[in-house]
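Written below as structure tokens is the structure these notes are about.
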Amino acid sequence: MIAGFVRRIHDQSLTALAVTGSHLIEPLLVTVMANNDIPIPSDLLDRSLLESGLLKQFLESRGRGRGRRGNDGDLDTTVNAILKDHRRALRTWLEYAFASRSEEDAKKGFVLDKNHARLFVETFAALADATFGNDSRKAAIKVVDEARKRKHFEQLHHYLDPRVHPKLYYPVEQCVSLQTPSAQPPKRKATASLDDRRAKRVQVEVEELPAVEKRKRGRPPKQKPAGASQVKQEPVPVPVPPAKGKPGRPRKVKMEDVSLLSMEVTSTTALEASMVDEPPSGIPTAPALAVKDEATEIPLHAGFKNQVHVMGLPANCTPPLNRQPCPMQPPLWAESRQELCEAFPWFRSYQGGVYFSNELAKGYLLSKHASLRDGWFHDGKLIISHGGGKAASVTQAQGTTKHNAASDQKEGDKSVRALLKTHFAKEPIALVIDDHYIHFPYSLAAARRQNVAQHLEPDNQNGFTYVILGFYFIKDVWTEYQPAENDGGKVVRYKFAFQWCAGQDDPWWLSNTKPNPIADSAIVSQGRSRPRPIKVDKTQDRSSEILILHRPVQQCMLCGKASPQVYAHVWMCLDSSCPAFFHSSGQLQDMQQENNAEQFVNNRLTVDVSKPIPRMLNYHPDFLASVPDPGSIPKHLRIIPGNPAKDMVRGKTETDDGTGTATEFTRGFHCRACGRLSCRWLWRCWSCPTCGQELRSPMRMQGVRDLWRELNLGTVDSPRMWSIEDQRISLPYVSIIPAQDGDGALRRETFILPDNAGRIHRISHLRRQSAKRADSILALYQEEAQSGALEFRRWPMRAHKCRGKLLTNYFSHNCGKPYNYVGGADNTVDWDVAPQAVIQARELLHERLKHVLDETYEFNEVLSAAYMEDQSMAFHSDAEDGLGPIVAGLSLGSPAKMIFRLHRKHLPTPGDGNTGKKASLRPNSLTIVLNHGDICIMDGARVQECYEHTVVPEGFRIAATARQIDVAKNGLKLK
Ligand SMILES: O=C(O)CCC(=O)C(=O)O
Ligand SMILES: [Fe+2]
């Protein structure tokens with residue numbers, strides 16, 4: 001069946017594959033065919049072999065004439081078995097294939113065949129997506145989207161799942177053992193088993209390897225072309241020795257081949273040597289800046305010793321292979337994006353990779369989608385990354401998926417501008433990595449697994465997702481082209497070189513011992529937890545000076561601007577507004593010849609008309625050198641966040657009013673014991689979800705008079721305290737209800753919603769001061785929350801786009817029947833053990849409903865929500881299955897605005913001026929102010945169906961919202 005399948009693919013798709021040059025399916029075909037005695041068309045094998053030395057060796061080691069396997073009629077099993085067997089070779093191939101895809105190929109995407117061939121492609125696409133980011137992402141996403149719908153995908157993906165197998169890279173030893181160069185000299189073996197054309201090309205590779213070795217042994221480097229004014233440097237033909245009696249013919253070395261040569265090197269030493277080989281022929285050389293022969297001076301971390309050159313990445317920044325678990329616990333780490341943003345003041349951006357404030361970048365996230373030439377140097381004391389967003393993306397809106405092409409970054413883009421300002425202001429920036437960042441020498445995912453075993457949280461799936469590296473300065477900024485899947489095939493990217501700030505200890509990942517973040521006084525010099533405000537001189541915009549850097553520079557003859565020598569073998573103009581920007585000198589020459597050839601020649605630029613920009617550019621060693629004084633780190637600056645409670649007690653923050661509910665108290669917490677950054681998820685204290693360390697939060701009882709403040713509610717008319725935005729809603733029907741208890745007379749306002757959508761009642765006190773029962777319930781809530789009798793906590797939201805869990809903005813507690821919207825059964829306590837505050841709140845709601853609306857209604861669920869300052873409940877409807885028609889809420893504490901707006905599907909038809917597709921354009925319908933002791937009643941099932949509501953308190957507030965839930969229809973059971 002496999003044979004039939006492959007033949008089918010072969011018949012139907014091979015031509016198409018050949019035309020598109022799909023890198024994904026070819027090696028698979030070759031592998032499967034080789035294992036099934038199917039003749040492999042020479043051009044396919046040729047291409048595959050040449051592009052993957054490892055695959056070649058793998059096939060040879062498997063023996064090409066082996067019988068069919070697994071031909072038992074169960075195609076999936078067989079396919080899975082093959083995939084499993086060949087996983088390593090295929091994945092290695094994939095790494096190379098993606099890193100080496102030409103821009104042309106990248107534009108074409110994948111070729112899909114029907115049926116099972118697609119499964120392979122999907123699997124590879126998923127891997128590619130996870131692995132190589134920008135280059136392949138868009139195409140991969142398309143395929144993966146489809147793949148997710150297929151049930152086979154999970155099964156196949158399992159074999160390639162990073163969690164099941166080491167993720168991306170394989171130690172050199174393993175690759176070498178596949179190649180076994182000494183036991184099976186590649187030259188003879190390759191030539192013996194391949195056709196003539198292949199043999200010739202393979203021999204090129206084989207013959208060139210010793211040259212690398214020889215140089216390593218001290219052969220003087222090849223003379224650089226003398227004469228700086230050389231106009232044209234012809235590609236040097238490489239003589240090819242005859243293969244098995246066939247005459248050799250000269251062959252030009254292509255950039256791609258040069259990269260492959262590095263892959264063919266068969267020892268670690270040789271690999272390192274290959275990284276610093278002299279510029280290959282045909283690559284323009286900057287005569288003024290000869291490349292150092294001994295560029296291995298660049299110190300490599302131990303984690304980098306085992307590395308294979310991955311094409312497309314500079315040889316001097318290849319990611320480490322087969323990363324080991326991080327042996328030390330990071331002093332600062334978070335499991336979710338929210339934890340990072342709430343607990344680490346230097347990174348508060350929920351989206352995007354750059355956090356900036358006052359136009360200065362404060363934090364920078366290194367994640368997946370590393371681009372070409374991003375890298376980790378000097379043990380991570382120098383990191384190069386592309387910043388500023390505008391990558392290809394996929395957005396989903398109203399059920400449709402939109403693929404947005406990558407676009408050029410501009411100096412004026414907010415993130416780029418902030419990073420530039422930080423660079424010029426010489427201000428430090430905190431670097432954060434996540435577990436997708438491939439250049440970090442250790443695997444955070446593996447470290448996470450270790451920690452799960454050690455720590456208390458057995459179900460922690462996402463620990464060590466984010467890790468803080470430390471403070472860096474931006475020592476250099478420049479721009480370059482990156483390949484992209486857009487119309488032009490390329491985009492302008494700003495690149496930033498981050499240098500480790502002196503004044504901190506050595507990076508924690510270089511220490512031998514487990515760092516204790518508390519004792520780590522050099523990192524933690526004492527001071528405030530907030531980044532100090534930094535003044536920026538806005539009049540002094542020095543962005544134009546960006547390219548005048550510390551290293552040697554050359555001046556562009558076209559634009560006259562100077563650019564540094566960033567890359568080892570070629571100087572290019574790095575001003576993105578210049579027509580010669582990032583062009584090879586050949587292209588530059590063409591332009592110059594038309595205009596001013598003489599001037600060009602005098603500029604001594606090396607010329608190679610025929611060659612495109614090399615895809616693989618190594619950084620010039622000088623460029624990677626540290627800058628002596630990139631900025632100075634203020635003594636009081638600390639990367640470890642301060643203890644929020646302590647800061648409060650000492651009155652260090654302006655916002656603190658001693659209540660314990662000020663905004664600062666909603667910030668997260670850094671656990672001194674395990675380093676985790678976590679959210680303030682419990683009302684009564686900070687608590688580390690990993691190791692259980694607690695930090696008590698000083699809280700003061702707040703009476704309603706403490707909270708009473710002048711209302712400043714914008715459009716809301718203060719005596720009426722409501723505003724009708726949708727004119728179809730009537731003015732409220734008002735009635736005064738005589739006192740029934742000590743609370744005095746009440747006032748009822750009823751708003752009738754259009755289209756029989758129900759009614760909203762607000763019941764308030766005629767005199768504010770008379771809300772006695774509400775006063776005592778508020779006090780009770782606070783007491784029980786402090787004593788632990790009532791546990792307010794923040795619960796994970798069900799749907800969101802953030803990494804990791806995203807907790808609600810407010811704290812809550814549910815009583816009676818489970819309420820799916822917040823916490824479900826986990827957040828629910830039975831009425832037998834209900835806190836007094838909740839019992840009394842429900843009683844009051846029952847009584848008011850009877851007294852004011854003459855309704856006898858039995859609520860069986862009460863959700864109590866507690867808000868600290870600046871917390872709120874976002875737009876939602878209480879559209880719970882089995883929900884009864886009446887929802888009533890008691891407001892306690894600070895006033896709040898409750899706003900209603902129509903669901904999108906209930907918006908009036910277009911043309912009446914009251915529509916808007918986007919949520920942000922949807923107009924509000926009704927706003928009512930809820931004061932201490934007020935009750936809001938949503939009356940009628942259609943209120944929830946047609947409207948959603950949000951509640952925005954003015955300050956500390958508690959609300960008890962009661963419902964009737966029919967559990968039989970709700971689907972949730974009490975635990
Ligand atoms: O009054 C409040 O805080 C809003 C409560 C609410 O909307 C809810 O619990 O669903
Ligand atoms: Fe609600």
Side-chain angles (χ1 to χ4, degrees), residues 661 683 707 713 721-722 753 757-758 760-764 771 774 777-778 781 785 792-795 797-798 808-824 827-828 837-838 841-842 844-845 848 859-903 924-965 970:
T661 56
W683 178 268
L707 299 165
L713 296 170
M721 298 202 207
W722 47 258
L753 301 172
I760 309 286
H761 312 278
R762 179 178 64 175
I763 301 168
S764 48
I777 296 173
L778 176 64
Y781 261 116
F792 275 130
R793 54 181 283 192
R794 292 165 69 197
W795 291 89
M797 305 217 281
R798 280 176 299 171
T808 57
N809 188 240
Y810 54 90
F811 299 80
S812 66
H813 169 277
N814 194 54
C815 211
K817 301 297 172 209
Y819 184 46
N820 205 1
Y821 176 64
V822 190
N827 184 23
T828 301
V838 183
R842 182 169 73 148
L844 183 64
L845 288 166
R848 292 278 196 263
F859 293 116
N860 62 5
E861 181 268 348
V862 173
L863 181 81
S864 305
Y867 305 83
M868 293 189 179
E869 273 170 31
D870 288 329
Q871 294 187 329
S872 59
M873 195 180 285
F875 270 111
H876 68 282
S877 24
D878 300 4
E880 188 86 357
D881 289 340
L883 182 78
I886 295 180
V887 176
L890 169 66
S891 274
L892 303 166
S894 301
K897 272 198 235 180
M898 185 163 189
I899 303 168
F900 294 84
R901 74 176 181 201
L902 282 163
H903 276 300
N924 296 336
S925 301
L926 173 68
T927 303
I928 56 176
V929 176
L930 298 173
N931 278 310
H932 173 69
D934 287 2
I935 290 171
C936 175
I937 299 168
M938 294 180 268
D939 186 359
R942 274 179 50 82
V943 177
Q944 307 301 337
E945 193 193 312
C946 302
Y947 288 87
E948 49 186 14
H949 54 274
T950 176
V951 177
V952 187
E954 288 279 290
F956 163 66
R957 174 174 179 267
I958 291 177
T961 306
R963 303 172 188 81
Q964 200 176 61
I965 293 175
N970 185 269

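Just follow the structure's listing: the first ligand is 1, and inside any ligand the first atom is 1. These figures come from a predicted structure and were not determined experimentally. The figures that follow rest on heavy atoms only: side chains count, while hydrogens, waters and symmetry mates do not.
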Q: Please test F859 against L845 for side chain to side chain contact (heavy atoms under 4.5 Å, CB included), starting from the C-alpha separation and ending with a verdict.
A: CA-CA 9 Å; F859 293 116; L845 288 166; 4.2 Å; yes

Q.
Working note: R793 + H813, criterion side chain to side chain contact (heavy atoms under 4.5 Å, CB included); need CA distance, chi angles, decisive distance, verdict.
A. CA-CA 7 Å; R793 54 181 283 192; H813 169 277; over 6 Å; no

Q. Going through the checks in order, is the salt bridge (Lys or Arg N to Asp or Glu O under 4.0 Å) test met by R963 and E880?
A. CA-CA 10 Å; R963 303 172 188 81; E880 188 86 357; over 6 Å; no

(Q) With side chain to side chain contact (heavy atoms under 4.5 Å, CB included) as the criterion, how do M898 and T950 come out once you've worked through the C-alpha distance, each side chain's angles and the decisive distance to 0.1 Å? (A) CA-CA 6 Å; M898 185 163 189; T950 176; over 6 Å; no

Q: Please step through side chain to side chain contact (heavy atoms under 4.5 Å, CB included) for the pair D934 and R762, ending with a clear verdict.
A: CA-CA 7 Å; D934 287 2; R762 179 178 64 175; 4.1 Å; yes

Q: With side-chain hydrogen bond (donor to acceptor under 3.5 Å, both in side chains) as the test, would you mind laying out the steps for Y781 and S864 before giving the verdict?
A: CA-CA 9 Å; Y781 261 116; S864 305; 2.6 Å; yes

Q) Can you list the steps and then say if R794 with S812 is a side-chain hydrogen bond (donor to acceptor under 3.5 Å, both in side chains)? A) CA-CA 6 Å; R794 292 165 69 197; S812 66; over 6 Å; no

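Taking the side chain as every heavy atom from C-beta outward, Q944 and H949 approach each other to under 4.5 Å.
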Report all N/O contacts between ligand 1 and the protein shorter than 3.5 Å as a table of atom names and distances to 0.1 Å; if there are none, say 'none'.
from	atom 1	to	atom 2	distance (Å)
ligand 1	1 (O)	R957	NH2	2.9
ligand 1	3 (O)	Y867	OH	2.5
ligand 1	3 (O)	R957	NH1	2.8
ligand 1	7 (O)	H876	NE2	3.2
ligand 1	7 (O)	H949	NE2	3.1
ligand 1	9 (O)	R963	NH2	2.9
ligand 1	10 (O)	H876	NE2	3.0
ligand 1	10 (O)	D878	OD1	3.1
ligand 1	10 (O)	D878	OD2	3.4
ligand 1	10 (O)	R963	NH2	2.9

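Relative orientation of the Y947 and F900 rings is perpendicular, given thresholds of 30° and 60° on the angle between their planes.
Within the protein, the N, O or S atoms lying under 2.8 Å from the Fe ion (ligand 2) are H876 NE2, D878 OD1, H949 NE2.
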